[in-house]
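Residues take their numbers from the sequence shown, with the count starting at 1. Keep in mind that this is a model prediction, so the values were computed, not measured.
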Amino acid sequence: QRTIRSSFDALFAADESAFGWRMNTLLAEERPSDESTPFLAGYGLADAPAAHRLIRELASGSERVRFTPRVRQMFVRFAEGLLDQIAATPDPMLALVQLERFLSASGARAQIYPVLREEPGVRQLVVRILGTSRFLGDILARDPLAYEALVYGPGFTQRAGSVEECLTALGEASEPGLDALLRHVQRYRHEALLRIGTRDIVGESDVLATTRELSILAEAVLRRCFDAFYEDACARHGAPSQGDGSPAGYAVIGMGKLAGRELNYSSGLDVQVVYSEEGETTQGMSNADFYRRMVRSVVNHWKKPVLGG
């Protein structure tokens, strides 16, 4: 209890440093002054009006949502370290823009800001990701909980060396139903992409290893999704069968970069679906219609947002 109290006392103590004075002055300005513009440029933030607006929103909120003075004070207490870390990224403006998006999606600043102040290593990792990759920044903005798995879960060093390992790590959804399973798969995909991308960014993975991991992840996700949609289609239309009454199986064949395990972050997934024989389902639907509808359901699923994307 004493440790918690001392941490909060330190967090909310008056900041009389030169940086604290400079930051509070900037936050009080409606637009960046002649003094604030070079101050922001010193951190690689060349677009002073945009940087000024974003920093004010991080500290005080937007016109729609205003933060309490306590939240603003929390921000000022770690702002210097934050800006130093932003300046060290390949694209400081991108880091700032994506940080504001991520934190807006995350919600309660009163819970997040103490973590960012007390754990500079966590803050540095998040800022480095956001200032390097727009793709990973989009994932964090769409699914903020993926950040917790990256920081507080097994960490970005966890690798899946095969499709089978990936499927084992994916596991089962905690709730029944197709929609719950698809949300579960999408969250796992986001978390895995963050781990792969972070290893890439910090130099713990080369190009060949990254493309192989992305391909393994894609194959595992495809397999799980096709299995789920097959089961759902069987429940709706009956199981497909061959002319002799035995089950009519199907196969998903990877093409192009997926087949060669050469996927990158922006690669599309080219596949062909084949089935064993013409026939009909136990409810009288032709196998051709059954598999056509199943494949269409898979494609439509990936066209609509799940967990924001």
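Below 30°, between 30° and 60°, or above 60°: for H301 and F229 the angle between ring planes is between 30° and 60°, a tilted geometry. Ring geometry for Y113 against F78 counts as perpendicular: the plane angle is over 60°, on a 0 to 90° scale with 30° as the lower cut.
Judged by distance alone, the side chains of N264 and S267 do bring a donor and an acceptor atom under 3.5 Å apart. A donor-acceptor pair shorter than 3.5 Å can be found between the side chains of R123 and Q85. Side chains of S36 and R22: a donor-acceptor N/O pair is present below 3.5 angstrom, by distance only. For the 3.5 Å distance criterion, the side chains of Q186 and R189 qualify, holding a donor opposite an acceptor. In this model, no donor atom of one side chain and acceptor atom of the other lie less than 3.5 Å apart for T168 and E164. A side-chain N or O of E35 and one of S33 form a donor-acceptor pair less than 3.5 Å apart. With no hydrogens or angles considered, no side-chain donor-acceptor pair links E278 and S286 at under 3.5 Å.
Within the 4.5 Å cutoff, no side-chain heavy atoms of P120 are placed close to those of V122. Taking 4.5 Å as the limit, some side-chain heavy atom of E219 sits within range of a side-chain heavy atom of R261.
Not one N or O on the side chain of R159 forms a donor-acceptor pair closer than 3.5 Å with the backbone of R195. A donor-acceptor pair under 3.5 Å links the side-chain atoms of S297 to the main chain of R293, judged by distance alone. Remark: side-chain polar atoms of S241 are not paired, donor with acceptor, to backbone N or O of S246 under 3.5 angstrom. For the pair S205 (side chain) and A209 (backbone), a donor-acceptor distance under 3.5 Å is absent. Formation of a donor-acceptor pair under 3.5 Å by the T211 side chain with backbone atoms of V207 is found in this model. For the pair H52 (side chain) and L26 (backbone), a donor-acceptor distance under 3.5 Å is present. Judged by distance alone, the side chain of D232 and the main-chain N or O of A228 form no donor-acceptor pair under 3.5 Å. Counting only distance, with no hydrogens or angles, the side chain of N287 and the backbone of E277 share a donor-acceptor pair below 3.5 Å. No donor-acceptor distance shorter than 3.5 angstrom exists from the side chain of T37 to the backbone of D34, with no hydrogens or angles considered. Side-chain N or O atoms of S215 include one that pairs as donor or acceptor with a backbone N or O of L263 at under 3.5 Å.
Linking ILVMFWY residues whenever their side-chain heavy atoms come closer than 4.5 Å, directly or via other members, leaves V202 and L94 in distinct clusters. With hydrophobic clusters built from ILVMFWY side chains whose heavy atoms lie under 4.5 angstrom apart, I216 does not share a cluster with L194. In this structure, I196 is not a member of the same hydrophobic cluster as L145, with clusters built from ILVMFWY side-chain heavy atoms closer than 4.5 Å. The hydrophobic clustering, which links ILVMFWY residues whose side-chain heavy atoms are closer than 4.5 Å, places V97 and L45 together. Connection of L217 to M255 is not established within any shared hydrophobic cluster, with ILVMFWY side chains joined at heavy-atom distances below 4.5 Å, either directly or through further cluster members.
Here the straight-line distance linking atom CD1 of I201 with atom CG of L130 works out to 9.0 Å at 0.5 Å rounding. Rounding to the nearest 0.5 Å places CG of L170 at 13.5 Å from CD of E165. Note: R183 CZ to L181 CG = 10.0 Å, rounded to the nearest 0.5 Å. Note that OG1 of T210 is 11.0 Å distant from CD of E204, once rounded to the nearest 0.5 Å. Annotation: the span from M23 atom CE to S17 atom OG amounts to 10.0 Å, rounded to 0.5 Å. Here the straight-line distance linking atom OG1 of T132 with atom CD of Q98 works out to 9.5 Å at 0.5 Å rounding.
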Pairs of donor and acceptor atoms involving the side chains of residues 54-61, under 3.5 Å and at least two apart or interchain, shall be tabulated with distances.
residue	atom	partner	partner atom	Å
R56	NE	L27	O	3.2
R56	NE	E29	O	3.4
R56	NH1	E29	O	3.0

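For D244, the CG atom sits in a packed shell: over 12 heavy atoms of surrounding residues, nucleotides or ligands are nearer than 6.0 Å. Annotation for R66: atom CZ counts as buried by contact number, over 12 foreign heavy atoms lying within 6.0 Å.
A salt bridge is absent between R224 and D227: the closest approach of a Lys/Arg side-chain nitrogen to an acidic carboxylate oxygen does not fall below 4.0 angstrom. Salt-bridge check for R101 with D138: passed, with a basic side-chain N closer than 4.0 Å to an acidic carboxylate O.
Annotation: ring pair (Phe, Tyr, Trp, His ring centres under 6.0 Å) contacts involving residues 246-274, sequence neighbours excluded, comprise F135-Y265, Y230-Y250, Y250-Y291.
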